[in-house]
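The chains referred to below are lettered A, B, ... by the order of the sequence lines, with proteins before strands, and numbering in each begins at 1.
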Protein chains: 2
Amino acid sequence: MDIRCICLGVLTLGDKTGYEIKKHFERAFKHFFVAGFGSIYPALSELTGDGLVTCTDVAQDKRPHKKVYRITPKGRERLMDALLNTPPRHKVRSEFVVLLYFAHLLPPERLAELLDERARDIEESLRTIDHFEQQAHPSPSREMVAGLGRAALKAQLDFIGERRDWLLSEIGDYQRIRTPSRLPAQDKQPEAPSRAD
Amino acid sequence: MDIRCICLGVLTLGDKTGYEIKKHFERAFKHFFVAGFGSIYPALSELTGDGLVTCTDVAQDKRPHKKVYRITPKGRERLMDALLNTPPRHKVRSEFVVLLYFAHLLPPERLAELLDERARDIEESLRTIDHFEQQAHPSPSREMVAGLGRAALKAQLDFIGERRDWLLSEIGDYQRIRTPSRLPAQDKQPEAPSRAD
DNA sequence: CAAAGCATGTAATCGGTTACATGATTGT
DNA sequence: ACAATCATGTAACCGATTACATGCTTTG
């Protein structure tokens with residue numbers, strides 16, 4: 001499923017400009033799906049070319065002109081096809097977790113910074129979800145998506161809160177054992193090959 | 001942070017072949033970071049070319065030959081640089097959630113299938129985590145990554161379990177209201193533009 | 001007065017996925 | 001007998017991010 005399909009889906013909820021589409025799914029699934037203008041605008045052009053949406057130019061005063069898109073019956077067909085046949089993938093690409101996995105190589109201040117930054121990001125996402133839920137009129141799907149996001153994010157935030165200090169002290173111990181003298185750790189020779197995997 | 005950096009990180013834990021690197025981080029962060037052979041092998045070639053790892057050809061009988069990679073001091077420097085300067089991003093791209101957001105357009109059987117499939121995927125990921133924790137020797141970073149994954153996944157699984165039947169019945173109601181006759185919903189004209197966003 | 005919001009688009013680049021190609025061995 | 005594991009690689013393609021380009025209005 002690509003961005004074209006998601007644009008079609010959002011247009012199901014009413015006619016919109018590219019700008020509005022982006023805002024909409026920023027509020028609705030920011031934390032589950034990202035897309036920038038660089039993908040949305042070309043997607044809308046293609047959809048127009050394929051007759052899956054229509055485009056109306058609207059002039060405004062005191063605002064830039066805008067292009068309002070509307071889904072066509074052919075577009076609805078295509079959307080249904082995608083909705084019925086897309087496998088429900090869920091991919092995560094977390095550089096944060098990778099960094100965490102190599103925590104033993106990091107100075108403790110850096111590790112603390114990483115954990116705190118991630119916690120702040122999660123808190124912000126949670127606020128976004130609450131905010132959206134208040135202002136959009138409720139529907140079962142919206143509630144479900146919001147609830148799922150909240151559950152996943154809150155679990156991570158709580159976990160980080162619970163283990164932050166523990167991890168920091170464990171990592172500190174570990175590094176003190178591996179580098180008892182004043183030599184920085186990265187100056188050591190590469191370890192012998194180990195099967196201890 | 002790209003795959004090259006992560007390969008360097010894994011090589012910090014001991015010398016490995018490309019195949020072993022992939023296995024390693026499949027077990028360690030499968031659910032947080034994916035990478036196929038198509039990215040790993042070229043990455044290792046580049047690292048070798050840049051002198052960040054060395055490569056030793058090892059012939060084996062009854063097995064294909066292999067190439068064992070070892071991180072060099074220059075590689076460690078590069079890794080530390082990346083570790084210290086990479087912002088802790090965390091991106092999710094969930095087609096599952098998008099599908100869920102458009103649940104009202106889906107036949108209930110399809111929706112049920114999606115939820116159940118996602119639940120099964122999560123259960124499998126949880127098993128992977130438990131399995132890895134048992135066989136790898138414990139370290140604070142590993143425990144942290146495993147715990148974080150477990151927390152996030154378990155929260156989602158529980159949420160799906162709690163709300164599955166509720167969502168299905170709500171969506172059923174919703175669709176019965178919108179389509180009281182026998183006409184399929186997608187034959188309706190596109191709605192009037194609405195600000196009810 | 002500066003920043004954020006409204007509004008659209010293009011071009012270059014980068015990186016990842018997929019498919020293809022090969023082939024012996026071990027476990028079910 | 002068939003699937004899975006071990007083991008490496010290339011090439012084409014696709015899609016996404018980023019930077020660039022523009023410019024007025026509203027809010028703080």
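Counting non-hydrogen atoms under 4.0 angstrom, Lys22(B) reaches nothing in the nucleic acid. Using a 4.0 Å heavy-atom criterion, one finds that Ser45(B) contacts no nucleic acid atom at all. Gly38(A) comes within 4.0 angstrom of a base, heavy atoms only. Using a 4.0 Å heavy-atom criterion, one finds that Tyr69(B) contacts the sugar-phosphate atoms exclusively.
Between Glu123(B) and Arg120(B) there is no salt bridge, since no side-chain N of the basic residue sits under 4.0 Å from a carboxylate O of the acidic one. The existence of a salt bridge linking Arg176(A) and Asp173(A) is confirmed by a sub-4.0 Å separation between a basic side-chain nitrogen and an acidic carboxylate oxygen. Looking at Glu124(A) and Lys30(A), a side-chain N of the basic residue comes within less than 4.0 Å of a carboxylate O on the acidic one, giving a salt bridge. We find that Lys154(B) and Asp158(B) are joined by a salt bridge, their nearest charged nitrogen and carboxylate oxygen being less than 4.0 Å apart. Remark: Glu20(B) does not engage Lys23(B) in a salt bridge, criterion side-chain N to carboxylate O under 4.0 Å.
Between His24(A) atom NE2 and dG5(C) atom P the separation is 19 Å, expressed in whole Å. We find that CD1 of Ile21(A) is positioned 15 Å from P of dC6(C), with the value rounded to whole Å.
Ring geometry for Phe29(B) versus Phe25(B): interplanar angle under 30°, hence parallel rather than tilted (30 to 60°). The aromatic rings of Phe37(A) and Tyr19(A) sit parallel to each other, their planes meeting at less than 30°, with 60° as the upper class boundary.
Mapping Tyr41(B) and Lys91(B) onto DNA chain D by nearest heavy atom places Tyr41(B) closer to the 5' end of the strand. Comparing Ala35(B) and Phe37(A) against DNA chain C, the residue whose closest nucleotide sits nearer the 5' end is Phe37(A). Residues Arg4(B) and Arg89(A) each lie close to DNA chain C; by heavy-atom proximity, the contact nearer the 5' end of the strand is made by Arg4(B). Taking the nucleotide of DNA chain D with the nearest heavy atom to each of Thr17(B) and Met1(A), the more 5' of the two is matched to Thr17(B).
Taking only side-chain nitrogens and oxygens, Arg93(A) never comes nearer than 4.0 Å to OP1 or OP2 of dG15(C).
Heavy-atom contacts from other residues, nucleotides or ligands closer than 6.0 Å to CZ of Arg78(A) number 12 or fewer.
Looking at residues 50-68 of chain A, you'll see Gln60(A), Arg63(A), Pro64(A), His65(A), Lys66(A), Lys67(A) sit with a heavy atom under 4.0 Å from some atom of DNA chain C.
Side-chain atoms of Arg93(B) do not come within 3.5 Å of backbone N or O of Arg93(A) as any donor-acceptor pair.
Mapping heavy-atom proximity under 4.0 Å, the span of DNA chain D touched by chain A runs 5' to 3' from dA16(D) to dT26(D).
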